Number of protein chains: 2
Amino acid sequence: MTPWIIDLVPDDPLSLTFAALADPTRRAILARLAEGEATVNELAEPFDMSVQAVSKHLKVLERAGLISRGRDAQWRPCRLETAPLDGASEWIRRYRDRWDDRFDRLDREIRRMRPGSDTDG
Amino acid sequence: MTPWIIDLVPDDPLSLTFAALADPTRRAILARLAEGEATVNELAEPFDMSVQAVSKHLKVLERAGLISRGRDAQWRPCRLETAPLDGASEWIRRYRDRWDDRFDRLDREIRRMRPGSDTDG
DNA sequence: CCTATATTCAACCTGTTGGTTGATAAACCG
DNA sequence: CGGTTTATCAACCAACAGGTTGAATATAGG
């Protein structure tokens, strides 16, 4: 009888991505990384918060696959990874389009129902 | 000396939107609403959770501007609102593009530095 | 008026988030 | 070797998120 049943997977990639993007500090970090690679200290500098806090944010971003990290002596350079962004963008696009399609269909329906006149003043 | 300073606005629209999208239950609700309007009970039915919990999720979605709600007798029909989705999509696009641009620039730089040969086997 | 239905409000509980400080590990440098 | 820099780990804490149950509100209808 239930038309559709939802199976909720915990910590799926989309949830990790959107959760990572939900924090303004992390978005600022990604914006900085879009300009090029950076170390933890470089990323932490403009924020009024400890380096450890930024390190935690980076761990969240890494778990979401939004950054990858190298090793250069005692530095851990971070680089932006765009694959999860594509996934998120794709999800948004799909449902927005489906919604728009629905309006288009409704619109066509209405036009069919009154094919003649009515300039709707 | 600090090249750029971040002012973190709490509860900005983008954070609200991404936070709303970070929960799989809420994404499922939005997916359902992309098919058309629905009441709270209709939305709650496929989930193994109380109607109150779904009502809370709807409040989060409403605060993020992702849904709007009408009044039809004792029902509160929900409808999808796509404007915040556009904002989120736009944010993603901007930083992904900037990153891609950076690679393009690097690529051009490299080509300029060795304009001759090298088929890179 | 009374009752049934739809929805929300309030209190509560538990796990997670986002920050702190202090200690630790790893790599350079003198 | 000892000291400095970079980054992480660990413990702690306040606030929030996401769920529960029970009570309250709003509307329709006999």
Side-chain angles (χ1 to χ4, degrees), chain A residues 6-30 32-33 37-64 66-79, chain B residues 1 5-30 32-33 37-64 66-79:
Chain A
I6 316 272
D7 59 327
L8 295 179
V9 180
D11 293 350
D12 58 300
L14 265 178
S15 296
L16 288 177
T17 304
F18 283 128
L21 295 179
D23 186 282
T25 302
R26 288 194 289 265
R27 286 201 307 277
I29 288 173
L30 293 179
R32 166 64 186 80
L33 289 177
E37 298 188 1
T39 68
V40 179
N41 272 298
E42 286 167 358
L43 291 171
E45 198 205 349
F47 296 102
D48 187 22
M49 100 184 38
S50 68
V51 181
Q52 289 95 319
V54 172
S55 182
K56 278 195 186 181
H57 281 301
L58 292 175
K59 206 160 63 176
V60 173
L61 291 170
E62 191 172 28
R63 194 162 117 78
L66 283 161
I67 66 171
S68 62
R69 331 181 62 171
R71 163 71 80 179
D72 177 12
Q74 67 265 53
W75 293 276
R76 303 292 313 275
C78 302
R79 100 163 29 175
Chain B
M1 190 52 95
I5 290 182
I6 316 272
D7 58 326
L8 295 179
V9 180
D11 293 350
D12 58 301
L14 265 179
S15 296
L16 289 176
T17 303
F18 283 129
L21 295 180
D23 187 282
T25 302
R26 288 194 288 264
R27 286 201 306 279
I29 288 173
L30 293 179
R32 165 65 185 82
L33 289 176
E37 297 187 1
T39 68
V40 180
N41 272 299
E42 287 167 356
L43 291 171
E45 198 206 347
F47 296 102
D48 186 21
M49 102 183 38
S50 68
V51 181
Q52 290 95 319
V54 172
S55 183
K56 278 196 187 180
H57 281 300
L58 293 174
K59 205 160 62 178
V60 173
L61 290 169
E62 191 173 29
R63 195 160 116 80
L66 283 162
I67 66 171
S68 63
R69 333 182 61 171
R71 165 70 82 179
D72 177 13
Q74 67 263 55
W75 293 275
R76 302 294 311 275
C78 302
R79 100 161 34 171

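Residue numbers start from 1 in every chain, and the chains themselves are labelled A, B, ... in the order their sequence lines are given, proteins ahead of strands. What you see is a predicted model; the values in this text were computed from it and never measured.
Side chain of A:Arg26 to main chain of A:Ala19: a donor-acceptor pair is present (N/O by atom type, distance under 3.5 Å, no hydrogens or angles). Listed for the A:Arg71 side chain is a donor-acceptor partner under 3.5 Å among the backbone atoms of A:Ala73. Judged purely by atom type and a 3.5 angstrom limit, B:Ser15 uses its side chain to pair as donor or acceptor with the backbone of A:Ala22. Side-chain N or O atoms of A:Arg69 include none that pairs as donor or acceptor with a backbone N or O of A:Arg79 at under 3.5 Å.
Among D:dC9, C:dT8, D:dA7, the nucleotide with an atom closest to any side-chain atom of A:Lys59 is D:dC9.
Rounded to whole angstrom, the span from the CD atom of A:Gln52 across to the P atom of D:dA7 amounts to 12 Å. A:Asp11 has its CG atom 13 Å from the C1' atom of C:dT17, to the nearest Å. The distance between atom CG of B:Asp23 and atom P of C:dT17, rounded to the nearest whole Å, is 12 Å. Between B:Leu43 atom CG and C:dT8 atom C1' the separation is 15 Å, expressed in whole Å. Counting to the nearest Å, the C1' atom of D:dC16 and the NE2 atom of B:His57 are 14 Å from each other. At whole-Å resolution of the value, NZ in B:Lys56 and C1' in C:dA10 are 9 Å apart. Going from atom CG of A:Leu58 over to atom C1' of C:dG19 covers 15 Å, rounded to whole Å. In this structure, CD of B:Gln74 is placed 16 Å from C1' of D:dA24, rounded to the nearest angstrom.
Taking 4.0 angstrom as the limit, B:Arg26 places a side-chain polar atom (N or O) nearer than this to OP1 or OP2 of D:dG18. Put simply, B:Asn41 has no side-chain N or O that comes within less than 4.0 Å of OP1 or OP2 on C:dT5. Neither OP1 nor OP2 of C:dG19 sits under 4.0 Å from any side-chain N or O of A:Ser50. Close to C:dT7, at under 4.0 Å from its OP1 or OP2, lies no side-chain N or O of B:Arg71. At the phosphate of C:dA6, neither OP1 nor OP2 sits under 4.0 Å from any side-chain N or O atom of B:Arg69. Listed pair A:Ser55 / D:dA7 fails the phosphate criterion, with no side-chain N or O lying under 4.0 Å from OP1 or OP2.
Residues A:Leu33 and A:Leu66 fail the side-chain proximity criterion, which asks for heavy atoms closer than 4.5 Å.
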